[in-house]
*Asks:* 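Sharing a structure here in structure tokens format.
Note that the coordinates shown come from a computational prediction; the quantities given were computed from them, not determined experimentally. Labels below follow one simple rule: chain letters A, B, ... track the order of the sequence lines, proteins then strands, and each chain is numbered from 1.
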There are 2 protein chains.
Amino acid sequence: MGIGARGGHNACVTAIETTAPGLPAEGTRARVERAALDLFTLRGFEQVTTDEVADAAGISRRTFFRYFATKADAVWGDFAAHVARLEELLAATDPAQPVLASVCAAYVEVNDYAVAELPLLRERMLLILTEPALLAHSQLRFAEVDRVVARYVAGRSGAAATDLVPRLVAATTRAAATTAFEAWLADQRSALGTHLRQAFAELTAGFPGLLR
Amino acid sequence: MGIGARGGHNACVTAIETTAPGLPAEGTRARVERAALDLFTLRGFEQVTTDEVADAAGISRRTFFRYFATKADAVWGDFAAHVARLEELLAATDPAQPVLASVCAAYVEVNDYAVAELPLLRERMLLILTEPALLAHSQLRFAEVDRVVARYVAGRSGAAATDLVPRLVAATTRAAATTAFEAWLADQRSALGTHLRQAFAELTAGFPGLLR
DNA sequence: GAGGCTAATGACACCGGGTGCCACCGGGCA
DNA sequence: TGCCCGGTGGCACCCGGTGTCATTAGCCTC
């Protein structure tokens with residue numbers, strides 16, 4: 001590799017079934033995600049270059065950035081679908097239930113993962129909440145969630161989505177959910193739903209344990 | 001400027017009293033902050049290069065990165081002092097007052113700026129909460145605040161700073177404060193303290209307006 | 001007052017994330 | 001066969017950030 005050059009994914013030793021240029025490229029995205037997650041978990045997000053991720057996935061650096069807008073996006077999976085599902089859950093809530101309870105319930109339900117998915121979720125969230133660069137990036141992703149929640153609260157409470165209370169509910173419930181995730185990551189073998197419910201219970205009750 | 005070169009702050013046209021190499025450099029940092037704030041506000045954070053900021057401040061790009069670790073840091077002023085003051089306020093709270101109320105009061109007080117400082121604060125927060133790159137970066141700065149608050153709550157409530165409730169209080173009060181800032185930025189000529197108090201009132205009462 | 005120390009600076013090369021552009025390759029289709 | 005088209009790789013480039021080195025000026029000491 002010459003000086004100043006960038007090394008075009010040459011002779012990728014650990015490559016797993018390299019794809020052809022003109023092919024539909026089935027599963028390439030998933031393969032890149034796996035490679036990225038593995039490398040980031042093993043050596044840390046900042047210590048791994050996009051060149052290495054692309055190489056491990058058997059594609060070029062240029063192609064990596066066609067699948068993911070940024071290096072950080074490779075750890076998020078299909079987050080847009082996650083947000084969309086939350087929006088659907090909110091739209092399908094019982095109007096008889098209080099607004100805040102509906103939001104919390106939707107959060108719990110959208111995060112009710114199958115057992116088989118939990119290791120992957122854990123790996124993702126551990127990276128996102130631990131690596132500074134990913135934590136920073138998360139703000140942009142979570143902002144999409146906030147907008148969805150704020151719109152819902154605004155619709156139910158007859159306010160504008162830009163008003164204080166809808167934004168407040170969105171920001172605080174999301175903060176609570178993130179904190180629950182941290183607690184889940186901290187103690188192995190605990191249920192995510194339990195932490196979420198406990199966090200929302202504290203929040204909606206105004207932290208009754210802190211009256212002193 | 002040759003191809004591939006970077007142009008060493010050559011003939012800065014708009015320079016304001018360039019400093020000498022071996023001088024104590026009084027007020028250089030403040031001058032760079034002003035230049036950065038002006039340029040970012042005028043043309044957007046991403047559209048301004050660090051070269052341009054350095055040039056406008058009459059220093060080199062390399063020197064810019066000696067004053068600020070990242071481009072984003074140039075908009076935060078002395079945030080560490082802000083956090084330190086919050087910590088002092090928390091340490092000086094009345095033990096008879098409830099924990100949550102003490103946190104909210106400290107937040108209100110640390111954000112009680114003099115009228116003369118408000119335009120600068122507004123400019124800073126507008127950038128931070130509007131520009132995606134700065135919003136992402138803010139997560140790292142606000143995490144320092146969260147740690148301080150969580151430590152305080154843990155100390156008062158006899159829990160560990162890593163327990164759910166202390167983290168939860170830190171995350172949600174900070175989310176509420178940020179939302180209050182957004183509301184303040186949205187309607188010109190309103191008092192920041194009013195929005196903060198209203199947000200904390202909603203939060204600590206469990207959003208009483210959303211019982212339906 | 002000469003010489004040495006120190007702190008701030010600027011130039012330069014370099015790394016790595018991200019992008020625009022173009023050439024290429026293969027499959028499907030007329 | 002010839003054409004179009006989508007996925008790809010290579011390349012040059014921009015820009016944020018860093019390590020290194022030489023330069024400068026103030027200061028301290030002898």
*Asks:* How bent is the helix from C:dG1-D:dC30 to C:dA30-D:dT1, measuring the angle between the end axes built from five pairs each, rounded to 10°?
*Replies:* 10°

*Asks:* For the pair made of CZ in B:R62 and C1' in D:dG16, what is the distance, rounded to whole Å?
*Replies:* 12 Å

*Asks:* C:dT9 phosphate, OP1 or OP2: any side-chain N/O from B:Y67 under 4.0 angstrom?
*Replies:*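 Yes, because at least one side-chain N or O of B:Y67 sits under 4.0 Å from OP1 or OP2 of C:dT9.
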
*Asks:* Enumerate donor-acceptor pairs with a distance under 3.5 Å from any side-chain N or O in residues 185-197 of chain A to protein atoms, sequence neighbours excluded.
*Replies:*
{"unit_1": "A:D187", "atom_1": "OD1", "unit_2": "A:S190", "atom_2": "OG", "d": "2.3"}
{"unit_1": "A:S190", "atom_1": "OG", "unit_2": "A:D187", "atom_2": "O", "d": "2.9"}
{"unit_1": "A:S190", "atom_1": "OG", "unit_2": "A:H195", "atom_2": "NE2", "d": "2.9"}

*Asks:* Looking at the side chain of A:R66, which of C:dG18, D:dG9, D:dG17 is the nearest nucleotide?
*Replies:* D:dG9

*Asks:* Between A:E123 and A:R34, does at least one N-O distance fall below 4.0 Å, as a salt bridge requires?
*Replies:* yes

*Asks:* Applying ring-ring contact (aromatic ring centres under 6.0 Å, His included), name anything that partners A:Y152, two or more places apart in sequence or on another chain.
*Replies:*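 If we apply the ring-ring contact (aromatic ring centres under 6.0 Å, His included) test to A:Y152, skipping adjacent residues, there are no hits.
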
*Asks:* So, do B:V165 and B:S157 sit near enough that their side-chain heavy atoms are less than 4.5 Å apart?
*Replies:*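 No, side chains not in contact.
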
*Asks:* Reckon B:T63 has a side-chain N or O less than 4.0 Å from the OP1 or OP2 of C:dT9?
*Replies:*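 No, because none of the side-chain N or O atoms of B:T63 sits under 4.0 Å from OP1 or OP2 of C:dT9.
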
*Asks:* Taking the six-membered ring for Trp and the full ring for Phe, Tyr or His, determine whether the centres of B:F142 and B:W76 are under 6.0 Å apart.
*Replies:*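 Yes, close enough.
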
*Asks:* Heavy atoms only, 4.0 Å cut-off, all strands: where does B:V48 land among base, sugar-phosphate and nothing?
*Replies:* sugar-phosphate

*Asks:* Tell me if the side-chain of B:R61 makes a donor-acceptor pair with the base of D:dG17, cut-off 3.5 Å, by modelled atom types.
*Replies:* yes

